[in-house]
Amino acid sequence: MEFATVIFYLIAAVTIGSAAMVAFSRNIIYSAFSLLGTFAGVAAIYVFLGADFVAAVQVLIYVGGILVLILFAVMLTHRIADVQITNRAVGRIPALVVVGVFLSLLVQIIRETPWQKAKEIVYAPTTSRIGDLFLENYLLPFELASLVLLAALIGAAVLSRKELKE
Amino acid sequence: MDHPIQTDYLRWIVLLPLLGAAANGLLGATLQKKIGKWAISLFACAPVLISFLLSLKALLDLLALKPEERFLIDRLYPWLSLGSLHVDVAFWIDPLSTVMILVVTGIGGLIHVYSTGYMHEDKSYWRYFAFLNLFTFAMLLLVTGDNLLLMFVGWEGVGLCSYALIGFWYHDHVNTRAGNKAFIVNRVGDFGFVLGIFLIFWSLDQQGHGTVVFREIEKFASLMKGQEIWGVGVVTLATLFLFIGATGKSAQIPLHVWLPDAMQGPTPVSALIHAATMVTAGVYMVSRLHFLYSAAPETLMVVAVVGMATALFSATIALAQNDIKRVLAYSTVSQLGYMFLAAGVAAYGAAIFHLMTHAFFKACLFLGSGSVIHAMGGEQDMRKMGGLRHAMPYTFWTFAIAVLAIAGTPLTAGFFSKDEILWQAFSSPHSSPLLWVLGVTGAGLTAFYMFRQFFLVFFGECRADSHTRAHLHESPKAMVMPLVLLAIGSIAAGWIGLPSIFGGSRFAEWLEPVFGAHHEAHGPAALEEILMVVSVGVAALGFYLAYLMYYKSRLAPERFSSLAGGLLYRLFYNKYYIDEIYQFFFVGGTLLLARIGAWIDRYIIDFIVDGSAKTTAFISWFNGLFDNHVVDWLVNKIADTTFEAGDKFRKVQTGNINGYLYVILGAVLLAMIVKLRYWS
Amino acid sequence: MVVGLTHYLVVGAILFTLGLYSVLTRRNAISILMGVELILNGANINYVAFSHFSSGNVEGQIYAVFVIMLAAAEAAIGLAIVLAIFQIFHTIDVAAAETLKE
Amino acid sequence: MDLGNFESLRFFYPETILTGTILLLVVLDLVLRSKKSLGYIAIVGCLISLWATLELYGTLGGWLFHRMVILDNFSLFFKVLSLLAALLVIWMSLDCLEIQGVHKGEYYTLLLTSALGMFFMASSSNLLMAYLSLELVSLTSYILTGSLPHNRRSSEAALKYLIYGGVASGAMIYGMSWVFGMTGSLDYARISEALLQGEVNRLGLFMAFVFILAGFGYKIVFVPFHMWSPDVYQGAPTPITAFLSVASNASGVAIMIRFFFPAISRLGEGGNWSYIPGVEWPHFLLFVSMVTMTLGNLCALNQQNVKRMLAYSGIAHAGYLLMGLVVLNNDGLRAMLFYVAVYLIMNLGAFLVVVIVANATGREDVEGYRGLAWRGAAIPAVCMAIFLFSLTGLPPFAGFVGKFFLFAAVIEAGGMFVLLAVVAILNSVISLYYYARIVKTMFLDFPQPDDPKVEMTVNSSALLGFLSCLTVLLGIYWGPLASYAGQSLRFFVR
């Protein structure tokens with residue numbers, strides 16, 4: 001077995017393991033921190049796929065932004081002291097059955113499908129190419145995304161403001 | 001015939017009542033307050049009367065033409081154009097629809113006039129007339145529309161107005177329930193009607209001639225021969241579906257249940273809508289599409305059997321009713337049965353003839369009963385009436401004439417038309433002697449219950465309380481005058497359709513261009529005479545029995561009512577428990593299905609989400625079914641059932657977001673399973 | 001054994017289904033949102049993997065970047081709503097916020 | 001026509017104007033003290049953008065911005081619709097008491113942003129643009145739903161909407177990723193080429209479609225992706241509910257047609273389309289359509305809350321709309337477009353009456369409509385009756401014509417579809433109950449002495465008159481709209 005393969009399995013194990021923690025942990029604090037492992041693992045997988053820019057974005061936004069937000073929200077809505085039923089889960093068995101069937105179906109199809117094959121597989125930094133595309137072919141989505149973020153900004157303000165008194 | 005004569009006044013026959021309705025509907029409340037009720041009356045009656053005059057003009061115009069060219073058409077504008085379907089808003093008249101518009105505007109006009117007297121004290125005077133005019137409009141649209149779609153619009157329109165007018169006095173819950181019942185039963189019929197239209201269009205479209213215009217359907221009807229769906233001929237299927245519509249609108253078994261309840265509306269409404277016009281729409285429709293029905297012998301048989309069964313069945317129910325209007329209601333159902341009997345033996349002319357004469361005498365009877373109710377201060381129970389002939393001479397005499405007519409007394413209108421139907425039932429190629437025997441029996445029953453009513457109301461001692469007795473009075477002129485005219489019609493209307501042994505029927509001749517050559521009697525004239533005498537004899541027997549029981553009181557009615565242990569009487573009195581039977585099978589059955597379905601649904605959802613289940617629902621339902629034995633009436637309960645099902649489905653909406661997400665995933669999995677199982 | 005496309009896709013599928021499991025079973029609004037993030041990450045792995053093995057250009061990577069951006073926006077709004085809910089209901093258990101039904 | 005970024009700007013005025021209005025509103029909200037004028041500015045912005053959109057008719061169709069969006073009659077139709085919806089909803093909001101406590105600047109900004117998102121939903125030619133625009137609409141919808149400050153229902157609705165939308169769009173992008181993997185491209189035209197020529201795994205493709213359907217389906221609100229809508233419709237401020245029920249639904253229809261027709265089906269003889277063999281989505285949607293309309297109508301029967309009832313009625317209407325999709329021909333699509341437009345008018349009208357009544361009484365339940373016609377609100381009551389009867393599909397209102405077109409398309413297709421038509425007709429019979437119930441309550445029940453009088457502002461009465469006249473007018477004279485819908489079926493494919 002190649003070294004790279006070992007590393008891949010290691011990363012995959014960390015990613016899936018911590019994702020499982022997120023899904024199964026009885027304590028929301030553990031769940032939230034496990035999410036860190038998942039995000040980081042996914043970022044590592046991106047690196048493996050030669051997507052250095054995406055990996056950087058993943059770390060910056062997911063780990064640096066979303067995760068922090070989630071942790072803040074967890075802290076704000078829970079007293080650290082009460083750790084009893086912080087993360088209630090119901091109907092685990094039926095959910096496991098449904099999800100299990102789903103996963104086997106997905107894996108089955110993934111293995112059977114003749115996916116498109118690229119002409120050549122390149123391992124090269126993609127940052128500059130993505131940057132070019134953002135300013136050229138993908139300019140419109142890029143601008144649209146900025147509008148989405150503006151809306152989200154305004155929205156977060158709307159949702160947390162006090163009532164208007166005229 | 002391919003190019004009927006274009007005119008431009010036909011539209012006004014139809015549209016004038018609409019204008020009247022608009023005027024009263026939009027401005028009525030103000031007019032009534034500012035100017036007074038006479039303005040409302042003017043806006044209501046004038047359009048109908050003008051329409052009547054225009055209809056007469058149309059009649060004269062038609063008479064001026066050669067018999068086979070008697071068509072007038074008035075195209076307004078192209079209405080729909082969808083693929084191969086092209087429909088105009090166009091009104092046409094031929095001899096058949098001329099008869100109908102004359103009846104609708106003529107008798108309708110009289111009833112409008114009568115209503116100005118009858119409804120004079122009502123607060124919502126304007127609303128009443130707005131609906132009455134709207135009804136007239138819809139009915140005229142139904143009979144003059146030159147295609148099935150336009151007919152359908154009218155068909156729905158009359159149903160809607162009928163609903164509004166039955167529930168006119170909506171303060172009383174009974175009335176709104178009756179309105180709902182009528183509406184919903186009619187919708188069941190309409191469902192069949194729509195399917196029939198689609199089937200006809202679809203079948204013709206397959207042959208490249210998709211159309212819903214009557215004349216074109218007639219032209220291409222032969223193309224539909226040989227086409228089959230599920231092993232049944234398309235023509236048969238389409239006509240059967242349309243006939244379902246007719247049973248709904250014309251109150252035939254099994255959809256007759258709404259008409260007796262519809263008597264909750266004001267009496268002139270009962271006269272106009274539930275006796276003279278709307279309920280005859282089914283007969284008109286069958287006659288209008290006679291070429292299809294004649295091409296489907298199976299359907300004709302169904303029509304004849306249903307008509308006959310309805311005629312007999314409701315005649316027996318009428319024997320035991322005590323409400324003055326209910327007797328008339330069941331009598332109407334019965335007479336409509338006769339019309340369908342005639343249509344079912346392909347004697348469409350006879351059906352239309354009876355339709356016309358019936359419109360006269362039944363309207364007269366209803367208006368007469370309205371006059372009686374008016375005088376009795378709203379009392380409708382015949383056991384509390386009696387001896388009214390002195391107080392109300394006009395009502396008495398006109399009622400007497402109408403009773404004679406409906407009983408089939410020789411030389412009245414009812415005699416000629418009923419005799420024509422019975423003779424056709426005996427002699428036409430689609431008939432059988434059995435139909436004739438049953439028909440004559442029905443005629444005897446008719447004579448009996450009508451005279452029973454007549455004697456109970458007008459003869460003997462007055463059984464009302466002293467207060468009512470003191471206030472007995474003849475009705476105002478506006479009400480009496482229509483009665484007189486209708487009574488005259490009840491006699492004279494028959495003379496235009498004298499049967500063949502009296503020298504040929506003008507009426508049949510008039511309709512000949514529509515229905516084709518008149519079926520000449522297959523039996524000898526002598527036979528026709530003998531049959532006629534027999535049927536008159538049976539009717540006379542009915543009269544004599546009623547005379548003995550209710551006039552001379554020599555024969556106690558109890559002797560008959562206690563026959564077979566009173567079983568028969570109870571059956572008649574309770575209308576064969578039809579409502580209850582419907583309740584049990586339809587409502588019980590659907591309730592069962594809905595509950596089981598909903599129970600399973602809920603059980604699974606609850607199990608998944610909460611891991612717990614509630615099993616008591618089923619048991620409590622089981623008790624509930626037996627508790628439910630006091631069964632009321634059909635349709636309200638069917639509605640309840642639907643509501644119930646809705647309630648159960650709604651329960652799935654628990655407000656629980658996890659449950660919602662389960663539904664997505666479950667659906668995706670289900671789709672995959674179906675795909676793997678059936679399409680891979 | 002060489003790590004191929006299928007391996008990545010399976011990892012993506014597992015993350016996806018774990019996310020589904022979270023949203024099905026969790027009653028805590030924040031946990032459900034975390035489940036949604038797992039779903040998005042699962043899909044994102046697919047995009048980057050396909051970008052690498054199937055299309056050979058960076059289209060899929062760009063898609064992934066956009067997904068991450070929108071996930072951030074959605075998380076911001078989601079958590080703002082969660083906080084608003086907490087102020088009103090004093091809990092973020094979705095079972096408690098079930099006033100809207102029937 | 002395949003234009004780059006700068007050449008495209010010429011055909012991009014409507015969007016530019018709308019974006020400009022949005023930014024202007026953000027700035028003015030900070031500057032102005034009186035927020036009253038913001039609504040009028042938003043309306044003016046919409047009107048100018050509408051004008052610019054109409055100006056674009058007659059230009060050649062084509063790709064803009066390096067094949068990111070498509071300009072064709074189809075997208076213009078839905079742009080006009082979403083602008084109209086936004087315009088009418090802003091108009092409706094002007095006098096709505098329920099949103100008095102909402103910050104108007106943000107409110108209008110978000111409404112317009114949502115409308116802009118709908119523009120892109122209708123014109124996206126690319127999986128990425130489809131996802132982005134869908135999310136833009138979704139995100140703004142979540143915020144607008146939760147915009148009532150310190151309101152239980154509003155916040156709860158927003159949370160449910162967000163979670164549901166998040167999962168649905170997550171499933172959608174997962175499905176899209178598979179399409180990407182099978183075809184190696186995000187562009188609709190190239191996807192279509194690859195799918196119609198190449199060898200594909202049918203099961204995988206089907207699964208991907210079902211996932212994508214989840215994302216589109218929750219916008220259009222058909223079963224089984226409908227569960228969010230009753231709760232959200234009930235909880236959201238009424239003008240927003242109105243907006244969601246018509247505009248969001250319409251743009252869902254647009255994005256779905258865009259993806260399922262020009263992108264992955266093939267246009268054959270006489271306006272008939274053929275789907276990819278092996279992926280029988282029309283067969284599934286046939287059943288989905290039946291179940292959707294039946295479920296929606298049954299659940300609506302006994303609703304006490306009018307908004308919730310209209311939500312279920314919206315579900316039922318989504319079912320009717322799908323009828324036009326499954327017959328796979330241009331007649332069906334035309335009927336769909338026509339019905340979407342008609343539905344927009346009548347449903348907005350119904351919600352406007354809900355707003356008027358809620359302004360006066362603060363109630364949304366059916367009881368609150370008791371004797372409405374005799375409480376000084378005869379005109380709203382009559383208008384409501386018109387809208388409801390039109391929703392039922394009774395002549396002579398626009399809804400009848402719309403339904404007629406749909407039924408005609410389905411029946412013309414024959415075969416299995418006749419069954420669908422039968423189910424749909426039965427359903428419209430059922431639906432009469434609950435619409436008529438409100439009409440009955442308004443006219444036949446007597447008001448209680450303590451029921452407040454209902455009064456209207458000039459704005460609302462003008463809007464009400466406009467919408468009800470249109471509903472009646474389109475029921476009698478619909479030729480222009482029908483031919484407009486027919487013309488809007490010109491897709492730019494390649």
Side-chain angles (χ1 to χ4, degrees), chain A residues 1 4-5 8 12 15-16 19-20 22-23 28 31 35 38 42 45-46 49-51 53-54 57-58 61-62 65-66 69-70 73-74 76-77 87-92 95 99 102-103 106-107 110-111 115-121 126 129-130 133 138 141 145 148-149 152 155-156 159-160, chain C residues 1-3 5-11 13-22 24-28 30-31 33-35 37-38 41 44-45 48-56 58 61-62 64-66 68-77 79-84 86 92-93 95:
Chain A
M1 209 189 269
T5 317
F8 170 78
T15 313
I16 294 171
V22 175
I28 193 164
S31 276
L35 203 55
T38 313
V42 172
I45 287 176
Y46 293 157
L49 285 164
F53 180 71
V54 187
V57 170
Q58 169 88 5
I61 297 185
Y62 259 123
I66 298 176
L69 260 178
I70 287 178
V74 170
L76 283 174
T77 54
N87 204 8
R88 202 147 72 88
V90 286
R92 286 161 176 265
V99 165
F102 227 83
L103 183 62
L106 289 181
V107 171
I110 286 171
R111 291 161 61 104
W115 303 104
Q116 189 87 14
K117 292 273 184 319
K119 287 186 195 89
E120 50 166 348
I121 294 175
T126 53
R129 267 197 287 163
I130 291 178
L133 282 176
Y138 286 85
V148 175
L149 293 179
L159 289 169
S160 45
Chain C
M1 195 165 93
V2 183
V3 178
L5 176 61
T6 315
H7 290 82
Y8 292 100
L9 294 185
V10 169
V11 173
I14 292 174
L15 283 191
F16 184 72
T17 43
L18 282 173
L20 285 182
Y21 177 81
S22 284
L24 289 184
T25 56
R26 294 302 195 192
R27 281 293 171 86
N28 183 312
I30 298 180
S31 278
L33 289 178
M34 289 198 269
E37 300 301 339
L38 285 185
N41 270 284
N44 256 358
I45 290 181
V48 178
F50 284 134
S51 179
H52 188 70
F53 291 102
S54 294
S55 74
V58 294
Q61 297 188 16
I62 288 177
V65 170
F66 278 109
I68 294 173
M69 267 197 251
L70 293 199
E74 200 172 295
I77 294 172
L79 295 172
I81 294 175
V82 167
L83 288 182
F86 185 71
I92 49 168
D93 193 321

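Residue numbering restarts at 1 for every chain, and letters A, B, ... go by the order of the sequence lines.
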>> Holding to side-chain contact (heavy atoms from CB on, under 4.5 Å), I want the full list of residues that pass it with A:I45, two or more places apart in sequence or in another chain.
In response: A:I11, A:T15, A:L49, C:Y8, C:V11, C:I45
> What is the minimum heavy-atom distance between A:A51 and C:V48, and which atoms define it?
Replying inline: CB-CG1, 3.6 Å
> Among C:G35, C:A72, C:G19, which has the most heavy-atom pairs under 4.5 Å with chain A?
Replying inline: C:A72
> Which heavy-atom pair separates A:A118 from C:S55 by the least distance, and what is that distance?
Replying inline: CB-C, 4.0 Å
> Which heavy-atom pair separates C:R26 from A:A23 by the least distance, and what is that distance?
Replying inline: NH2-O, 2.8 Å
>> What's the separation between atom CG in A:L69 and atom CD1 in C:I30, rounded to the nearest 0.5 Å?
In response: 10.5 Å
>> Rounded to the nearest 0.5 Å, what separates atom CD1 in C:I68 from atom CD in A:Q58?
In response: 4.5 Å
> Does any heavy atom of chain A fall under 4.5 Å from the side chain of C:L33, the backbone, both, or neither of them?
Replying inline: neither
> Does a donor on one side chain sit under 3.5 Å from an acceptor on the other, for A:Y62 and C:E37?
Replying inline: yes
> Given the rule in the side chain to side chain contact (heavy atoms under 4.5 Å, CB included) test, do C:M34 and A:I28 qualify, once you have shown the distances and angles that lead to the verdict?
Replying inline: CA-CA 10 Å; C:M34 289 198 269; A:I28 193 164; 4.0 Å; yes
>> The criterion is side-chain contact (heavy atoms from CB on, under 4.5 Å); which residues satisfy it with C:A13, sequence neighbours excluded?
In response: A:L103, A:L106, A:I110, D:Y174
> Between atom CD1 of A:I66 and atom CD of C:E74, what is the distance when rounded to the nearest 0.5 Å?
Replying inline: 9.5 Å
> Taking C:V58, C:L70, C:V10, C:L24 one by one, which has the highest count of heavy-atom pairs under 4.5 Å against chain A?
Replying inline: C:V58
> With only heavy atoms counted, which part of C:I81 is less than 4.5 Å from chain A, the side chain, the backbone, both or neither?
Replying inline: both
> Given the rule in the side chain to side chain contact (heavy atoms under 4.5 Å, CB included) test, do C:M69 and A:V148 qualify, once you have shown the distances and angles that lead to the verdict?
Replying inline: CA-CA 9 Å; C:M69 267 197 251; A:V148 175; over 6 Å; no
>> To the closest 0.5 Å, what do you measure between CD1 (C:I62) and CZ (A:R129)?
In response: 9.5 Å
> What is the ring orientation for A:F102 with C:F16, classed by angle as parallel under 30°, tilted 30 to 60°, or perpendicular over 60°?
Replying inline: tilted
> Considering all heavy atoms of both residues, which atom of C:T25 and which atom of A:G91 are nearest to each other, and what is their separation?
Replying inline: CG2-O, 3.9 Å
> Is it the side chain or the backbone of C:I77 that comes within 4.5 Å of chain A heavy atoms, both, or neither?
Replying inline: both
>> Show the nearest heavy-atom pair for residues A:A19 and C:L18, with the distance to one decimal.
In response: CB-CD1, 3.6 Å
> For A:A145 and C:F66, which heavy atoms make the closest approach, and how far apart are they?
Replying inline: CB-CE2, 3.6 Å
>> Run A:V22 and C:L38 through side chain to side chain contact (heavy atoms under 4.5 Å, CB included) and show every step you take.
In response: CA-CA 9 Å; A:V22 175; C:L38 285 185; 4.0 Å; yes
>> What part of C:L83 gets within 4.5 angstrom of chain A, counting heavy atoms only: side chain, backbone, both, or neither?
In response: side chain
> Contact part of C:F53 toward chain A, heavy-atom cut-off under 4.5 Å: side chain, backbone, both or neither?
Replying inline: both
> Picking from C:S51, C:A71, C:A64, which has the most non-hydrogen pairs under 4.5 angstrom with chain A?
Replying inline: C:A71
> Side chain, backbone, both or neither: which part of C:L9 has a non-hydrogen atom closer than 4.5 Å to chain A?
Replying inline: both
>> When you compare the side chain of C:N44 with that of A:V42, does any pair of heavy atoms fall below 4.5 Å?
In response: no
>> Using 0.5 Å steps for rounding, measure from the CZ atom of A:F53 to the CD atom of C:Q61.
In response: 9.5 Å
>> For the backbone of A:R111 and the side chain of C:T6, can you confirm whether one donor and one acceptor N or O come within less than 3.5 Å of each other?
In response: no
